[in-house]
Amino acid sequence: VPIQAVLSAVHLESDAFLVCLNHALSTEKEEVMGLCIGEVSMTCFAVRPSVLKGGSLFRVDTSRIVHIHSVIILRRSDKRKDRVEISPEQLSAASTEAEISFSLIFSQMLAEMTGRPMRVVGWYHSHPHITVWPSHVDVRTQAMYQMMDQGFVGLIFSCFIEDKNTKTGRILYTCFQSVQAQKGSEYERVEIPIHVVPHETIGKVCLESAVELPKILCQEEQDAYRRIHNLTHLDPVTKIHNGSVFTKNLCSQMSAISGPLLQWLEDRLDQNKQRISELQQEKKRLTQELAELD
Amino acid sequence: MAASISGYTFSSVCYHSANSSSDHEGFLLGDVRQEETFSISDSQISNTEFLQVVEVQNHEPCSQLFSFYDYAGKINEENLKRILKERRQNVIGWYKFRRNTQQQMSFREQIIHKQLTQILGVPDLVFLLFSFISTANNSTHALEYVLFRPNRRYNQRISLTIPNLGNTSQQEYKISSVPNTSQNYAKVIQEHGAEFFDKDGVMKDIRTIFQVYSALQDKVQAVCREVEHSEQMKEVIQEEVNKLKKKIALRKNEKEAERRRKEEKEERQTEEKTEEICYTQMVSVDGTAEEQNHKIPDTSETPPLYSDVIVQDRDLVSQEDSAAYLPRPQAVGSSSQAPSVPGVAKYLGNGDGSSADSVQLTSSSQLLGNLAPEEEEENDEDEDGSSEYENLPNEPSESSDSDFSQLAEGRPAALRPEGDARNSQASDAI
């Protein structure tokens, strides 16, 4: 019985989707990227042979669904605008220890919470002011990841797009894999259906992932500053200038990211408290109703 | 007029929308402030312009549609008050998320908007419309958004910006100093510049600002933990509420089943007295035939009180031959499916011999309960899609007709790989 394994769809939990959007909307000047954590589920189903084809054997199809439960925000190793890639070596070995231990901790956390092993199942990146379709570089990068893991998927979020005429803003997202039409030819994009699956609660792992962003930005800034700080031939005015650049950049991060993040967290907390109180009242009412029925 | 919304608030609206299977709506809270902009041109020395900036700070999602208005679009002020509470004074607009619809206010939305403007006392109330579309194979999705200020006659659409990190170019760091051989220069900046540095030669500002950042990040993590906790609690209580609802529904169905059983029993007893022979024949043919031949209890009459039924049963038992409740020898012999209590067979069966238990009935009644509001929402969308749009006044400026025909064609085109039909984006970044 011939078996065909097919990647049928990607299911992105809505709280993971939230973190992706947060990340993508954090900057319009560069592409951001991260990893998708989750699991792959497989369902086998028998397909009735076609009467026309005269087949008599049942074919077994395996459909794979990639479930993305959370994401990890990554640092950009190369800050040039059109280069968003980490090599497969980096992916498996991680460019910094912090990243690998973080992704391990995340996978562990998720595994403990769900009771199922979680792993990196894909990557996402943003296209600010650019069309959502993957560039040649993106397609090649995706192909590389697929050499490591066939089921690896790529997500792209396109944002900060506005049609000046209709004043319509747009955010798009797409899911893709890469395929080589013939051996030696260029890689091509393959579209993969993606659905955002409702998740009324924002999971712990997603929240922790979201609040990593300011840390990552600060870390990047510290590293950049450290690189020039060690240059001894700089005169005091230049040093003061560089120190001010650091201060300025950190201030930008705080007002653009940390501040709004904190505000959103507080609002969410208020909303939750409100909802909890409503639910508690409803619970009281229902308990009474049940008692009256008995 | 300009408008801004934080990326986190925006994502939050998208998140709530993704979680709802129907349309989603809510209120926008924030501030409107005046910004002065100075510009100098050749014709005038100074040109002061006042720019109104609408800042959306957070949103208040509505748990369901029609929570503060009815089908005719009439607003219920009591409900509105209950939903907004003290946040009422911060309302600067409202929003709606719809799937597969045009980027245009529906008739009902316009009516609601007018009333909200008046009730809330916000003359320039804004309306943010989200529209969601997908490609046929669901691999690519687009979320379009437009901010309207419907109370103005012209320029009803405003650009909505999402402030972000922007340019955090680290290329601003200087890696070399401008060469200078002046001894005076070196001396002065050394002497007076020392003020900026601490004994380790590290610039004081760096430490100071890092402390600010650290304290802020600590706070972010602390509130995050609180949110985590509240999310878990919310989930737990929601589960409990769901369980209670199920139990209640189950219990109600059980009671209904009991009640019907009693009624059936009574009917059977009165009929059996007169139609004993017929009953036997019917049962012998097919265990379920009786259900079709006996009349269905008239549910329009008030069912007897449970206590009454019990009393009657007992009376009947004592009065009648107890054999009435035991399967008749002939019935049992002819069909092993004959139930001991006729009424039970009728209720538990689906009329076609298949069996069903009360749990199934519970879930189906729940299904129906859940379907009802969704059906209403579907009707809402239908209305929005067809006749209402024909009645909408066109927007005065901005070539609205060509816009919308372009929208009808252009939107799917925008999702095709060949590129955006509207040339609004840079060409493919390849």
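Quick caveat: nothing in here was measured; it's all calculated off a predicted structure. Chain A is the first sequence line, chain B the second, and so forth, proteins listed ahead of strands; every chain is numbered from 1.
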* Asked: Taking B:R157 for the side chain and A:T168 for the main chain, is one N or O donor matched with an acceptor at less than 3.5 Å?
  -> no

* Under 4.5 Å from a heavy atom of chain A, the part of B:F130 involved -> neither

* Please say whether more than 12 non-hydrogen atoms of neighbouring residues, nucleotides or ligands are located less than 6.0 Å from CG in A:L293. => yes

* Asked: Between A:N242 (side chain) and B:Y173 (backbone), is there a donor-acceptor pair under 3.5 Å?
  -> no

* Does any heavy atom of chain A fall under 4.5 Å from the side chain of B:K204, the backbone, both, or neither of them? -> neither

* To do: Dump the intermediate steps for side-chain contact (heavy atoms from CB on, under 4.5 Å) on A:V237 and B:S177, then the final yes or no.
  => CA-CA 8 Å; A:V237 165; B:S177 301; over 6 Å; no

* Structure fact -> Heavy atoms of B:I248 and A:L286 approach each other most closely as CD1-O, 3.4 Å

* **Portion of A:L213 that has a non-hydrogen atom of chain B nearer than 4.5 angstrom** => side chain

* Asked: What is the distance from atom CD of A:Q288 to atom CG of B:L244, rounded to the nearest 0.5 Å?
  -> 12.0 Å

* Go through the atoms of A:S255 and report whether side chain, backbone, both or neither lie under 4.5 Å from a heavy atom of chain B. => neither

* Asked: If only atom types and distance count, is the side chain of B:N137 paired as donor or acceptor with the main-chain N or O of A:P193 below 3.5 Å?
  -> no

* Pairwise side-chain contact, A:F246 with B:D205, heavy-atom cut-off 4.5 Å (strictly under) -> no

* To do: Could you check if a side-chain atom of A:L172 sits within less than 4.5 angstrom of a side-chain atom of B:L143, using non-hydrogen atoms only?
  => no

* Asked: Just by distance, with hydrogens left out, do A:S14 and B:N19 show a side-chain donor and acceptor under 3.5 Å apart?
  -> yes

* In terms of heavy-atom pairs under 4.5 Å, which option from B:S12, B:G201, B:S63 contacts chain A the most? -> B:S12

* **Residue among A:C20, A:C159, A:A256, A:S26 with most heavy-atom pairs under 4.5 Å to chain B** => A:S26

* Asked: A:Q263 and B:N58: side-chain hydrogen bond (donor to acceptor under 3.5 Å, both in side chains), yes or no, with the steps?
  -> CA-CA 8 Å; A:Q263 181 191 282; B:N58 48 45; 5.5 Å; no

* Structure fact -> Distance col, row B:T140:OG1 vs A:F176:CZ, nearest 0.5 angstrom, shows 11.0 Å

* Determine the minimum heavy-atom distance between B:F197 and A:P236, stating which atoms define it. => CZ-O, 4.1 Å

* Asked: Is A:F160 close to B:I162 at the side-chain level, that is, under 4.5 Å between some pair of heavy atoms?
  -> yes

* Structure fact -> Answer key: most heavy-atom pairs under 4.5 Å with chain B among A:I202, A:V196, A:L207, A:L234 is A:I202

* Taking 4.0 angstrom as the limit, do A:E266 and B:K219 come out as a salt bridge? -> no

* Is A:E282 salt-bridged to B:K245, cutoff N-O under 4.0 Å? -> yes

* Structure fact -> Most heavy-atom pairs under 4.5 Å with chain B, out of A:H229, A:R285, A:H195, A:K273, belong to A:H195

* Heavy-atom distance under 4.5 Å between the side chains of B:I237 and A:Q280, does that happen here? -> yes

* Asked: What are the two closest non-hydrogen atoms of A:L279 and B:V241, and how far apart are they?
  -> O-CG2, 3.7 Å

* **Most contacts with chain B, counted as non-hydrogen pairs under 4.5 angstrom, among A:L21, A:I228, A:N272** => A:N272

* Taking side chain as C-beta onward, heavy atoms only, is B:N164 less than 4.5 Å from A:L25? -> no

* What's the verdict on side-chain contact (heavy atoms from CB on, under 4.5 Å) for A:K239 and B:F196, showing C-alpha distance, side-chain angles and the deciding distance? -> CA-CA 10 Å; A:K239 284 188 184 168; B:F196 279 87; over 6 Å; no

* Asked: Measuring heavy-atom distances to chain B, does A:H127 have an atom under 4.5 Å in its side chain, in its backbone, in both, or in neither?
  -> neither

* **From A:Y173 atom OH to B:S139 atom OG, the distance as rounded to the nearest 0.5 Å** => 11.0 Å

* Structure fact -> Most contact-rich option vs chain A, by heavy-atom pairs under 4.5 angstrom, among B:I158, B:V146, B:V236, B:I209, is B:I209

* To do: Could you tell me the separation between the CG atom of A:L261 and the SG atom of B:C224, rounded to the nearest 0.5 Å?
  => 8.0 Å

* With only heavy atoms counted, which part of B:Q238 is less than 4.5 Å from chain A, the side chain, the backbone, both or neither? -> both

* To do: Can you see which heavy atom on B:F210 is nearest to which on A:Q222, and at what distance?
  => CE1-NE2, 3.2 Å

* **Under 3.5 Å donor-acceptor, B:Y15 side chain and A:H199 backbone** => yes

* Lys/Arg N to Asp/Glu carboxylate O, B:K234 vs A:E200, below 4.0 Å -> no

* Asked: Highest number of heavy-atom pairs under 4.5 Å with chain B: which of A:D15, A:V197, A:T238, A:I171?
  -> A:I171

* Structure fact -> Note: A:P214 and B:Y213 closest approach over all heavy atoms is O-OH, 3.6 Å

* Could you have a look at A:C175, A:A210, A:A24 and say which one has the most heavy-atom pairs with chain B under 4.5 angstrom? => A:C175

* Can you tell me if CD on B:Q190 sees more than 12 non-hydrogen neighbours from other groups inside 6.0 Å? -> no

* Asked: Do B:S159 and A:E162 have a side chain donor and acceptor closer than 3.5 Å?
  -> yes

* Please flag which part of A:H233 lies under 4.5 Å from any non-hydrogen atom of chain B: side chain, backbone, both or neither. => both

* **pair A:I194-B:H141: side-chain heavy atoms closer than 4.5 Å** => yes

* **Audit row: A:D267, B:Y8, side-chain contact (heavy atoms from CB on, under 4.5 Å) steps and yes/no** => CA-CA 11 Å; A:D267 291 340; B:Y8 288 99; over 6 Å; no

* To do: Dump the intermediate steps for side-chain contact (heavy atoms from CB on, under 4.5 Å) on A:Q274 and B:K85, then the final yes or no.
  => CA-CA 12 Å; A:Q274 178 77 25; B:K85 296 190 231 347; 3.2 Å; yes

* Roughly how far, to the nearest 0.5 Å, is CG of A:L262 from CD of B:Q221? -> 11.0 Å

* **B:S11 versus A:N22, side-chain donor and acceptor atoms under 3.5 Å** => yes

* **Interface residue of largest heavy-atom contact number with chain A, from B:E231, B:Q217, B:Q57, B:M203, under 4.5 Å** => B:E231

* Structure fact -> So, the part of B:H192 with a heavy atom under 4.5 Å from chain A: the answer is neither

* **Side-chain heavy atoms of B:P61 within contact of A:Q271, under 4.5 Å** => yes

* Pairwise distance NZ(A:K204) to CD(B:Q232) - rounded to 0.5 angstrom -> 7.0 Å

* **Interface moiety of A:L250 toward chain B, non-hydrogen atoms closer than 4.5 Å** => side chain

